[in-house]
2 protein chains.
Amino acid sequence: MTVTLSDVAARARVSPATVSRVLNGNYPVAASTRERVLRAVDELDYVLNGPASSLAAATSDLVGILVNDIADPFFGIMAGAAQTEIGGQEGTGRAGGEKLAVVCNTNGSPDRELTYLTLLQRQRAAAVVLTGGALEDPAHIAAMSSKLAKLADAGTRVVLCGRPPLPGSESIVAALAFDNRGGGRRLTEHLLSLGHRRIGYVAGPTERTTTRHRLEGHRAALAAAGITEDQDRLTVHGPYARQSGYDATLELLRRDPALTAIVAANDTVALGACAALRDQGLRIPEDISVAGFDDLPFSVDAVPALTTVRLPLYEAGARAGRLAMGREAAPPGGIATIGAELMARESTGRPKS
Amino acid sequence: MTVTLSDVAARARVSPATVSRVLNGNYPVAASTRERVLRAVDELDYVLNGPASSLAAATSDLVGILVNDIADPFFGIMAGAAQTEIGGQEGTGRAGGEKLAVVCNTNGSPDRELTYLTLLQRQRAAAVVLTGGALEDPAHIAAMSSKLAKLADAGTRVVLCGRPPLPGSESIVAALAFDNRGGGRRLTEHLLSLGHRRIGYVAGPTERTTTRHRLEGHRAALAAAGITEDQDRLTVHGPYARQSGYDATLELLRRDPALTAIVAANDTVALGACAALRDQGLRIPEDISVAGFDDLPFSVDAVPALTTVRLPLYEAGARAGRLAMGREAAPPGGIATIGAELMARESTGRPKS
DNA sequence: CTGTTAGCGCTTTCAT
DNA sequence: ATGAAAGCGCTAACAG
């Protein structure tokens, strides 16, 4: 029933090998022959059998992009950029040589992360891009390292985007890490320079690299200003979600009603924090300042516009895509740190004297 | 170098056929044998060769989910729900029988939509879920219909989510369509009941079903209230993006400075509209009302909270996932319309007398 | 530049 | 309940 390569070959009066060659375009073929083959392909409406060719060639054109939360633009922007860079090349309707860039949503679950990796390994994926912060649980780190090593051994190119390199895993192509620590530090320095001294911190989930680095930057800035006591009491952890920002803010206010500023783990959490403060009748920034992280598109439209730290998500995703395709040289040592820029806007101001 | 099925068979002292049977769990195998095989699999750290098994079995465990814009939570929420429903089943680390649910970002490009479909067809995908509004260009509709018919013929289950059924394509499993027309109508009725008569409309891109249906609902409500003139002048089209909302709002104000309300194609566009109005020194809703569509998570946190139309994105995505897996019966006629609920909040109010 | 010939690793009748 | 054997449709040497 279904058309195969030899059907095309028969119709074009050539051998199957020749058809394969024109389809893969990786071998010299006479123009007239190629012409004839292409015509036969169109006439027969032939579609290559992916599994068969992957089996024979021992590689596939699948590229996986793993994200922690596909409903979060933080990941959507990176994944979209990577996908455009990987799959958005030409425009031939016939789809030749195209990579199939796909995104897989782990939902922040370490198990699903591993499962997806196995599934991609099973498909003999050409490359894998891991985005976003990693879990710091030792057992999971070990499992990931070994899994990534196996993928690399099997010829899959592994790229990390927005995630620090794993210890021991030297098999990866490259790691693009965001300067979360530096960004966090500059953000809190901004608050300190405005005169704030009692700052609440709504942190992300524990055991995540992103969470830890941002918090470390925050604490470093405080320590440099001689503020060290009570910091654990002024920190509340929670998921990277709006509701978490709302609840944590209420809790922080309960712990210290004299807070003059709240720093959130990311912009989404900051929005929840703002909502909680408004519900408490507090004005931003007159009564209390708020800051986020990431500079997602909606942050500039928040009221008041959110002070935050900009991460070049699109650029990072695109670069990760090129690295995955081997279309760009890996940075020295395989590791690049991507800068984070402070965006001071209206949600932060001087504390009430 | 790489471990194959027969390596496992040898180690477990059974035939390759038996190993295949325990791995696929679709055939009776003695408990003790299965035990032995599984142990060998673990000891050898064996990973099934996907292409090989897909070739032999003529089906793969790949399920594709197509979205127009992966950075937009509208799609992220639906895709995430579908993916969870499809791939998030068990938790066995060994990954048996698991489907690989992946999302593909078309970027709103009809060409890429078709290309992705071809790529999935090539992989012999088990199912395909198409989300979001469709392009209404006749040539593209024809190409899509024929492509989907071919996919269905090849055994791929096709499900539409948030998109009306294509004419002629009866091969699909099911279509879940949002009641964009009804939602649009109720939203404008709400504005009319508040007393608005001069309403600007920032529409989505032309030739998209979503755009057309929402606009039709809007116009229907106006017509029912006897307001018919000038409507084309009070409508501006643009992409589903924040910037488009900003620019279109300025343009509408230019065309009719006496506007008392602006309805946006979706929440993201509405946010852009709000920004433009604020920049013009207009207060919302005292000077002018604004409404969106979709009720994305950030809409309730906007200031003022956005009046909009809620679409049950998560539920729809999850249902599409179940339909794609054949785990839920298709609705009668293969088509289900999903309700849209008006969420009246603070961004709309009575017009200035 | 093109044809021939072996497999790639798995699933699946068909036997037993 | 298990084994033997025949492909699935394609690519990749190797010849020519």
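As the structure is a prediction and not an experimental result, all values here were calculated from the model. Chain naming here is simple, since letters A, B, ... match the order of the sequence lines and numbering starts at 1 in each.
Note: B:K147 NZ to B:K150 NZ = 5.5 Å, rounded to the nearest 0.5 Å.
The nearest heavy atom of DNA chain D to A:R21 and to B:T18 marks one nucleotide each, and the one closer to the 5' end goes with B:T18. Annotation: of the two residues near DNA chain C, A:S15 and B:S54, the 5′-most nearest-nucleotide partner is A:S15.
The two residues A:K99 and A:A126 make their nearest non-hydrogen contact at NZ-CB, 4.3 Å.
When the nucleotides C:dG9, D:dT2, C:dC1 are ranked by their closest atom to the side chain of B:T33, D:dT2 comes out on top. Side-chain proximity of B:Y27 to the nucleotides C:dG3, D:dT2, D:dG3 is greatest for D:dT2. Relative to the side chain of A:S20, the nucleotides D:dA12, D:dT11, D:dA1 differ in distance, and D:dT11 lies closest.
Note: CG (B:D61) to C1' (C:dT11) measures 14 Å, nearest angstrom. Put simply, CG on B:L44 is 15 Å from C1' on C:dG9, counting in whole angstrom units. One can place CD of A:Q123 at 14 Å from C1' of C:dG9, the figure rounded to the nearest angstrom. Atoms CG (B:N26) and C1' (C:dT13) sit 13 Å apart, rounded to a whole Å. If you take CG of B:L5 and C1' of D:dC8, they are 15 Å apart, rounded to a whole angstrom.
Not a single donor-acceptor pair, N or O on each side, falls under 3.5 Å between the base of C:dG9 and the side chain of A:R124.
There is no side-chain donor-acceptor pair under 3.5 Å between B:D153 and B:Q121. Side chains of B:T106 and B:S109: no donor on one and acceptor on the other come within 3.5 Å.
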inquiry  = Between A:S15 and A:T18, is the side-chain hydrogen bond (donor to acceptor under 3.5 Å, both in side chains) condition met? List the steps.
reply    = CA-CA 5 Å; A:S15 73; A:T18 300; 3.2 Å; yes
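Judged purely by atom type and a 3.5 angstrom limit, A:E328 has no side-chain atom pairing as donor or acceptor with the backbone of A:R322. Of the possible polar contacts, none joining the A:R124 side chain to the A:A58 backbone as a donor-acceptor pair under 3.5 Å is found.
Among the atoms of the strands shown, only primed sugar atoms or phosphate atoms (P, OP1, OP2) are found under 4.0 Å from some heavy atom of A:A30.
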Polar pairs (N or O, both sides) under 3.5 Å between protein and nucleotides 6-8 of chain C?
residue, atom, partner, partner atom, Å
C:dC8, O2, A:A56, N, 3.4

